[in-house]
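The structure under discussion appears below in the form of structure tokens.
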Amino acid sequence: MATLSNFELKERDWRSLALLTLAFWLSGSVLLDLVIMPVLYTTGMMSNANFATTGYTLFNVFNHIEVFCAALVLSIMLVFRYLHVQVATKLARWEDWSVSLAIGLFGVALLFTYLLTPQMGALGIQLNLFQAVVETPTGMNQLHGVYWALEVLKLTAGGVLLGLLYYRHDR
């Protein structure tokens with residue numbers, strides 16, 4: 001029967017937490033992007049005057065969860081680096097990549113929370129109460145393009161990081 005050192009137990013616990021956090025975060029993003037928003041769009045919610053408020057509220061809550069998950073993942077990647085320095089081992093190449101990916105994911109979460117979502121909410125809000133038909137503002141399509149580019153970047157980086165953690169989890 002093999003015994004695990006204190007270092008191996010700590011590393012296994014941190015890695016499991018990172019895997020669970022990333023899986024929760026990425027699955028929530030896919031659910032929001034591929035299920036919730038298309039359903040709201042096909043049911044005519046986008047033509048409703050309250051859509052901007054509803055969308056802003058939904059994304060604001062989710063974005064704050066994203067910032068928490070990104071901060072937790074980044075903290076865990078930094079813990080890996082610290083644990084490996086403590087036992088005087090050379091940092092593996094995957095740890096360099098994992099910290100860089102985690103910083104990128106944290107940056108994307110901050111962009112969504114503090115720049116993109118407030119801007120999209122401000123553009124979409126209806127200020128004319130007498131206007132019957134709600135039109136999509138001109139700049140909204142550009143912001144949607146930026147959103148989807150960042151979302152693809154986030155899902156790709158998160159998937160790569162998830163793969164790196166899973167691969168290292170089996171070792």
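Computation of the quantities below employed the complete heavy-atom set of this structure, encompassing side-chain atoms and omitting hydrogens, waters and symmetry-equivalent molecules. Residues: numbered from 1 along the sequence shown. No experiment lies behind these values; they were computed from the predicted model shown.
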Original post:
Applying the 4.5 Å side-chain criterion to the ILVMFWY set and letting contacts propagate, would W148 and V108 be lumped into a single cluster?
Top reply: yes
Original post:
Would L110 end up clustered with L78 when hydrophobic side chains under 4.5 Å apart are linked, directly or stepwise?
Top reply: yes
**OP:** Could you state whether V160 and F24 fall into the same hydrophobic cluster, counting links through intermediate Ile, Leu, Val, Met, Phe, Trp or Tyr residues with side-chain heavy atoms under 4.5 angstrom apart?
**Re:** no
Original post:
Where do L162 and A23 come nearest, in terms of heavy atoms and distance?
Top reply: CD1-N, 4.2 Å
Subject >> Closest non-hydrogen atom pair, A109 against V67 >> reply: O-CG2, 3.8 Å
Original post:
What pair of heavy atoms forms the shortest contact from L101 to A157, and how long is it?
Top reply: CD2-CB, 3.9 Å
Original post:
Roughly how far apart are C69 SG and L74 CG, rounded to 0.5 Å?
Top reply: 13.0 Å
**OP:** May I have all residue pairs that pass salt bridge (charged side-chain N to carboxylate O under 4.0 Å, His left out) and include part of residues 41-67, sequence neighbours excluded?
**Re:** E66-K154
**OP:** Measure the shortest side-chain to side-chain distance between M37 and F59 over non-hydrogen atoms and say whether it is less than 4.5 angstrom.
**Re:** yes
**OP:** Please step through side-chain contact (heavy atoms from CB on, under 4.5 Å) for the pair M120 and L116, ending with a clear verdict.
**Re:** CA-CA 6 Å; M120 290 174 85; L116 202 56; 4.0 Å; yes
Original post:
Roughly how far, to the nearest 0.5 Å, is the CG atom of L150 from the CG atom of L143?
Top reply: 10.5 Å
**OP:** Treating Ile, Leu, Val, Met, Phe, Trp and Tyr as nodes and any side-chain heavy-atom pair under 4.5 angstrom as an edge, say whether Y41 and L32 lie in one connected cluster.
**Re:** yes
**OP:** Show the numbers, then the answer: is there a side-chain contact (heavy atoms from CB on, under 4.5 Å) between W25 and L105?
**Re:** CA-CA 11 Å; W25 177 18; L105 288 170; 3.7 Å; yes
Subject >> Cluster link F62 to L153, ILVMFWY, side chain under 4.5 Å >> reply: yes
**OP:** Please check if the distance between the ring centroids of F112 and Y147 is under 6.0 Å.
**Re:** yes
**OP:** Give a yes or no answer on whether the side chain of T42 reaches the backbone of V39 with a donor-acceptor pair at less than 3.5 Å.
**Re:** yes
**OP:** Over all heavy atoms of both residues, which pair between H64 and Y114 is shortest? Give the atoms and the distance, please.
**Re:** NE2-OH, 4.2 Å
**OP:** Would you give the length of the straight line joining atom CG of L111 to atom CD of Q119, rounded to the nearest 0.5 angstrom?
**Re:** 12.5 Å
**OP:** State, yes or no, whether a side-chain contact exists between Y166 and R15 at a heavy-atom distance under 4.5 Å.
**Re:** no
**OP:** Go through S98 and L165 one step at a time and tell me if the side-chain contact (heavy atoms from CB on, under 4.5 Å) criterion holds.
**Re:** CA-CA 8 Å; S98 65; L165 284 167; 5.9 Å; no
Subject >> Derivation and outcome, side-chain contact (heavy atoms from CB on, under 4.5 Å), residues V152 and T156 >> reply: CA-CA 6 Å; V152 167; T156 303; 4.0 Å; yes
Original post:
Would you say the side-chain atoms of T117 and N63 include a donor-acceptor pair closer than 3.5 Å?
Top reply: yes
Original post:
Tell me, do L161 and M77 make a side-chain contact under 4.5 Å, heavy atoms counted?
Top reply: yes
**OP:** Output yes when a side-chain donor or acceptor of T43 lies under 3.5 Å from a complementary backbone atom of L40, and no otherwise.
**Re:** yes
